[in-house]
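Heads up, the thing below is written out as structure tokens.
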Amino acid sequence: MSLDYRTVWISDVHLGTRGCKAEYLVDFLKNVRCDTLYLVGDILDLWKLKSGWHWPPMHSEILRTVMDRAKRGVRVVYVPGNHDEMLRDYTGSLFGGVEVVDRAVHETKDGRRLLVLHGDEFDGVVCSTKWLAVLGSEAYEVLLACNRWFNWGRRRLGFPYWSLSAFIKHKVKNAVNVIYRFEEVLMHEAASRGLDGVVCGHIHHAALREIDGLIYANCGDWVESCTALVETGAGELKVVRWVEESAFLLEDIKSETGTDKRRLATAG
């Protein structure tokens, strides 16, 4: 089984942290085919890796899968974020077929031109007080740890995965976004370049909407919501929520064959 797309964008995987939902991402990558794959920042969490090493085999599996895609002819573009900002020193380089760029402009099948960037440079918290962003990152790890225990309990009771951390964080993060006008500033940046919109990550909140005639697309994350942005062969943009979509596809397979043809990984 595979899902075919023209383009896939993923961001905020945070490899090297316990919060990374690596099993879900491996499942996604192995069931999706595309011509171009954008890695829109914070794929590696070098902030966390500096303070302590956490690298289970599944994290290596993600890197191997991405590199294999590049070897097989998929165009893979890495746009570093703030947690993997060290890679910005290598923009313009090519590693195993993976292009490292500071920003990119993607043209959809129907001719729309989209600015692709992580977005941290437009987050006032990260720009003005980096120490606060680092502190927030540590607090976020605690929140994600609570999320793991919360979902362990839900599984024991027979309930599906649901992100407590996303629910709590977005209540606070939305207030921060209003203060610094994150989305509006990104739209202004795209407009100033004569582009039709922007694709970003950074705030761990998947979204796809039109603002003042411009497209705002955020591909979300793989520590809470397990989401990606995709472009169909016709140029349509969609947010894929893999926890829900993979479960739906599995049920569809069962209804057609009467058997479970694949094992869906579980997170937590």
(message) For L44 versus D84, what's the shortest heavy-atom pair and its separation?
(response) O-CB, 3.4 Å
(message) According to side chain to side chain donor-acceptor pair (under 3.5 Å), who are the partners of Y216, at least two apart in sequence or on a separate chain?
(response) N218
(request) Please round to the nearest 0.5 Å and tell me the distance separating atom CD of E99 and atom CG of L39. (result) 11.0 Å
(request) Mind running side chain to side chain contact (heavy atoms under 4.5 Å, CB included) on L214 and V198 for me, showing each step along the way? (result) CA-CA 8 Å; L214 297 174; V198 65; over 6 Å; no
(message) So, using salt bridge (charged side-chain N to carboxylate O under 4.0 Å, His left out) as the criterion, who are the partners of R113 when residues are at least two apart?
(response) none
(message) Please determine whether the number of non-hydrogen atoms from other residues, nucleotides or ligands lying under 6.0 Å from atom CG of D212 exceeds 12.
(response) no
(message) Applying the side-chain contact (heavy atoms from CB on, under 4.5 Å) criterion to H202, which one of N82, D221, L117, L186 satisfies it?
(response) N82
(request) Evaluate whether atom OH of Y90 has more than 12 neighbouring non-hydrogen atoms of other residues, nucleotides or ligands under 6.0 angstrom away. (result) no
(message) Quick check for you: to the nearest 0.5 Å, what is the distance between L46 atom CG and H14 atom NE2?
(response) 11.0 Å
(message) Could you measure the distance from the CG atom of D42 to the CG atom of L15? Nearest 0.5 Å is fine.
(response) 10.5 Å
(request) State, to 0.1 Å, how close W242 and L3 come at their nearest heavy-atom pair, and which atoms those are. (result) CZ3-CD1, 3.8 Å
(message) I need the minimum non-hydrogen distance between C219 and S11, along with the two atoms involved.
(response) SG-OG, 3.4 Å
(request) Kindly indicate whether the side chain of R64, heavy atoms from C-beta on, has any atom under 4.5 Å from the side chain of S60. (result) yes
(request) Following the transitive rule for hydrophobic clusters with a side-chain heavy-atom cut-off under 4.5 Å over Ile, Leu, Val, Met, Phe, Trp and Tyr, establish whether L94 and I43 coincide in one cluster. (result) no
(request) Determine whether T7 and D35 make a side-chain contact, defined as any pair of heavy atoms from C-beta on separated by less than 4.5 Å. (result) no
(message) With rounding to the nearest 0.5 angstrom, report the CD to SG distance, E245 to C226.
(response) 13.0 Å
(request) Please name the pair of heavy atoms, one in S225 and one in V243, separated by the smallest distance, quoted to 0.1 Å. (result) O-CG2, 4.5 Å
(request) Determine yes or no for a side-chain-to-main-chain donor-acceptor pair under 3.5 angstrom, with R69 supplying the side chain and C34 the backbone. (result) no
(message) For E189, give me all partners under side chain to side chain donor-acceptor pair (under 3.5 Å), at least two apart in sequence or on another chain.
(response) R103, R193
(request) Give the intermediate values and the outcome of side chain to side chain contact (heavy atoms under 4.5 Å, CB included) for residues Y5 and V240. (result) CA-CA 11 Å; Y5 298 111; V240 172; 4.0 Å; yes
(message) Looking at every non-hydrogen atom in both residues, tell me the closest pair between K109 and R6 and how far apart they are.
(response) N-NH1, 3.2 Å
(request) Determine the minimum heavy-atom distance between A190 and G197, stating which atoms define it. (result) CB-O, 3.5 Å
(message) Would E184 and I211 count as a side chain to side chain contact (heavy atoms under 4.5 Å, CB included) here? Give the steps.
(response) CA-CA 8 Å; E184 289 83 356; I211 301 175; 5.6 Å; no
(message) Holding to side chain to side chain donor-acceptor pair (under 3.5 Å), I want the full list of residues that pass it with D68, two or more places apart in sequence or in another chain.
(response) R72
(request) State, with a plain yes or no, whether a side-chain heavy atom of D12 is found less than 4.5 Å away from one of H118. (result) yes
(message) Using a 4.5 Å cut-off between side-chain heavy atoms of Ile, Leu, Val, Met, Phe, Trp and Tyr, which other residues end up in the same hydrophobic cluster as V79?
(response) W9, Y38, V40, V77, V101, L114, V116, V199, L208, I215, L229, L237, V239
(request) Drop me the distance from T17's OG1 to H54's NE2, to the nearest 0.5 angstrom. (result) 7.0 Å
(request) If a pair satisfies salt bridge (charged side-chain N to carboxylate O under 4.0 Å, His left out) and one of its residues is in residues 199-210, list it, with sequence neighbours excluded. (result) E183-R209
(message) Can you tell me how far apart SG (C20) and CD1 (I62) are? Round to the nearest 0.5 Å.
(response) 4.5 Å
